[in-house]
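Contents: one structure, followed by commentary.
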Number of protein chains: 2
Amino acid sequence: MSEDQKWLTVDEQRAWRALMAVVVLLPGALDTQLQHDSHLSNFEYGVLAMLSEAPDRTLRMSQLATLNDSSLSRLSHVARRLEERGSIVRQQCADDRRANIATLTDAGMTLVREAAPGHVARVRELIFDQLSGDQVSELEQIADAIRSNLDPEKRMPTYVN
Amino acid sequence: MSEDQKWLTVDEQRAWRALMAVVVLLPGALDTQLQHDSHLSNFEYGVLAMLSEAPDRTLRMSQLATLNDSSLSRLSHVARRLEERGSIVRQQCADDRRANIATLTDAGMTLVREAAPGHVARVRELIFDQLSGDQVSELEQIADAIRSNLDPEKRMPTYVN
DNA sequence: CCGAGTAACTTGACGCTTCAACTAAGTCCG
DNA sequence: CGGACTTAGTTGAAGCGTCAAGTTACTCGG
């Protein structure tokens with residue numbers, strides 16, 4: 001905490017503020033769309049989407065947590081709610097009886113399938129309609145550079161669409 | 001929700017996932033640093049930082065809310081907690097007695113001043129150490145393009161450092 | 001100048017996230 | 001084997017954000 005520390009340049013400040021605006025506003029915008037159209041939070045959508053792509057629509061709780069950058073506790077609470085709504089079921093794993101595996105139900109699968117198009121449309125509208133092709137690849141490089149520091153193991157493939 | 005909708009291209013998907021990783025992980029990383037070093041959330045830091053730069057260290061609640069992209073309700077709750085901790089005080093505005101003005105106390109000012117260097121250092125480490133000068137200006141342009149859709153009035157200068 | 005409408009907050013309840021236990025099961029090794 | 005340690009997950013309490021409702025004050029047309 002020395003006084004002679006390196007401050008941000010003017011350019012960096014502008015970039016920083018613009019990035020923070022996106023980071024703060026984007027999740028809310030996505031949540032609003034998903035909540036309105038499918039009664040799902042962004043996080044719940046992510047959970048269901050990951051399951052929908054997994055073999056047998058099934059994943060261990062711990063894998064599912066890692067994939068969504070979630071604590072096990074958070075996932076556990078959300079999974080209980082999703083189970084109550086009939087979107088997933090959980091059962092003890094036969095191999096390792098500490099483990100619990102979550103499976104997407106048919107109703108859950110239907111839910112994700114119906115939610116996906118609207119979600120993707122919103123993503124396109126918010127992000128890609130604003131960007132040139134060059135900017136899209138620049139964005140990928142920049143975001144990946146930042147991400148490399150935040151998530152060194154790249155454990156987070158994040159919700160696929 | 002038609003079936004023949006426009007999906008994302010492979011390039012767009014990669015950019016999208018990288019961006020989402022940043023959007024999900026960055027707030028947590030910043031919160032961790034601030035919480036650890038100054039017992040502040042990112043949002044609280046933003047509130048105090050905005051006040052620290054305002055004339056007389058004073059702003060109306062509604063302005064403060066807008067500047068931090070917050071609902072008045074959220075700000076009101078946070079302001080109560082900050083007031084309890086002695087970082088700010090609130091008092092009725094003389095001109096318009098519906099309004100409430102928040103003022104940063106000396107203790108609050110000290111708190112922000114002490115928190116800022118560590119926060120900026122973490123931002124530099126997470127973001128700018130990873131990027132070339134060209135990438136910084138590209139980032140600004142891209143983030144601004146996305147932001148233009150999320151926050152058309154650009155009401156959000158976001159936490160200055 | 002007075003009543004309807006609106007603006008600026010605050011408050012309380014509810015839902016979600018986090019954190020700190022806690023349970024139960026697997027693993028390691030002496 | 002058996003005790004110590006680790007791993008997987010759940011649970012309950014506490015904290016924060018959101019939403020709807022309430023309060024007080026300003027404003028503006030008649």
Side-chain angles (χ1 to χ4, degrees), chain A residues 23-36 39-48 51 58-85 87-103 155, chain B residues 23-25 27-36 39-48 58-85 87-103 155:
Chain A
V23 163
V24 170
L25 297 170
L26 187 52
L30 296 175
D31 267 331
T32 300
Q33 179 275 317
L34 279 170
Q35 198 68 53
H36 179 268
H39 302 287
L40 285 173
S41 69
N42 205 341
F43 182 73
E44 289 168 334
Y45 178 79
V47 168
L48 298 181
L51 282 173
T58 289
L59 284 171
R60 284 165 80 126
M61 291 293 282
S62 46
Q63 293 177 53
L64 197 47
T66 302
L67 291 170
N68 288 282
D69 184 52
S70 159
S71 66
L72 222 31
S73 171
R74 179 182 186 187
L75 178 62
S76 184
H77 287 298
V78 169
R80 178 177 44 72
R81 295 188 287 258
L82 288 174
E83 194 166 27
E84 283 165 8
R85 291 194 236 160
S87 300
I88 69 170
V89 291
R90 281 180 295 180
Q91 59 189 24
Q92 214 177 33
C93 178
D95 306 355
D96 181 342
R97 277 165 22 210
R98 290 170 304 181
N100 222 342
I101 58 177
T103 304
R155 298 169 312 177
Chain B
V23 164
V24 170
L25 297 170
L30 296 175
D31 267 331
T32 299
Q33 181 272 317
L34 279 169
Q35 197 70 53
H36 180 268
H39 302 287
L40 285 173
S41 69
N42 205 341
F43 182 74
E44 290 168 333
Y45 178 79
V47 169
L48 298 181
T58 289
L59 283 172
R60 283 165 81 125
M61 292 292 283
S62 47
Q63 294 176 52
L64 198 47
T66 303
L67 290 171
N68 287 284
D69 184 53
S70 160
S71 66
L72 220 31
S73 171
R74 179 183 184 185
L75 179 62
S76 184
H77 286 301
V78 170
R80 178 176 45 72
R81 295 188 285 258
L82 288 175
E83 196 167 27
E84 283 165 7
R85 290 194 237 161
S87 300
I88 68 170
V89 291
R90 280 179 295 179
Q91 58 190 25
Q92 216 178 31
C93 179
D95 308 353
D96 181 343
R97 278 169 17 215
R98 291 169 303 180
N100 223 342
I101 59 176
T103 304
R155 298 170 312 178

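Just so it is clear, the structure is predicted and the values come from calculations on it, not from any experiment. Naming: A, B, ... by sequence-line order, numbering from 1 per chain.
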Have a look at [X] and say if it touches a base, only the backbone sugar-phosphate, or nothing, with a 4.0 Å heavy-atom cut-off.
{"X": "B/Ser62", "value": "sugar-phosphate"}
{"X": "A/Arg97", "value": "sugar-phosphate"}
{"X": "B/Ser73", "value": "base"}

D/dA14, OP1 or OP2 - any side-chain N/O from B/Arg81 closer than 4.0 Å?
no
Rounded to the nearest angstrom, tell me the gap between atom [atom1] in [X] and atom [atom2] in [N].
{"X": "A/Gln92", "N": "C/dG26", "atom1": "CD", "atom2": "P", "result": "8 Å"}
{"X": "B/Leu82", "N": "D/dC16", "atom1": "CG", "atom2": "C1'", "result": "13 Å"}
{"X": "B/Glu44", "N": "D/dC16", "atom1": "CD", "atom2": "P", "result": "7 Å"}
{"X": "B/Gln35", "N": "C/dT17", "atom1": "CD", "atom2": "C1'", "result": "13 Å"}

Between B/Gln92 and B/Arg98, is there a donor-acceptor pair closer than 3.5 Å when you use the side chain of the first and the backbone of the second?
no
Closer to the 5' end of DNA chain C via nearest nucleotide, is it B/Arg60 or A/Asp95?
B/Arg60
Between A/Ser70 and A/Asp96, whichever has its closest DNA chain C nucleotide further toward 5' is A/Ser70
For the side chain of A/His77 and the base of D/dG9, is some donor closer than 3.5 Å to an acceptor across the two?
no
Would you kindly check whether a donor in the side chain of A/Arg98 faces an acceptor in the base of D/dT7, or vice versa, at under 3.5 angstrom?
yes
Whichever of B/Ser41 and B/Cys93 has the more 5' nearest nucleotide on DNA chain D, that residue is B/Ser41
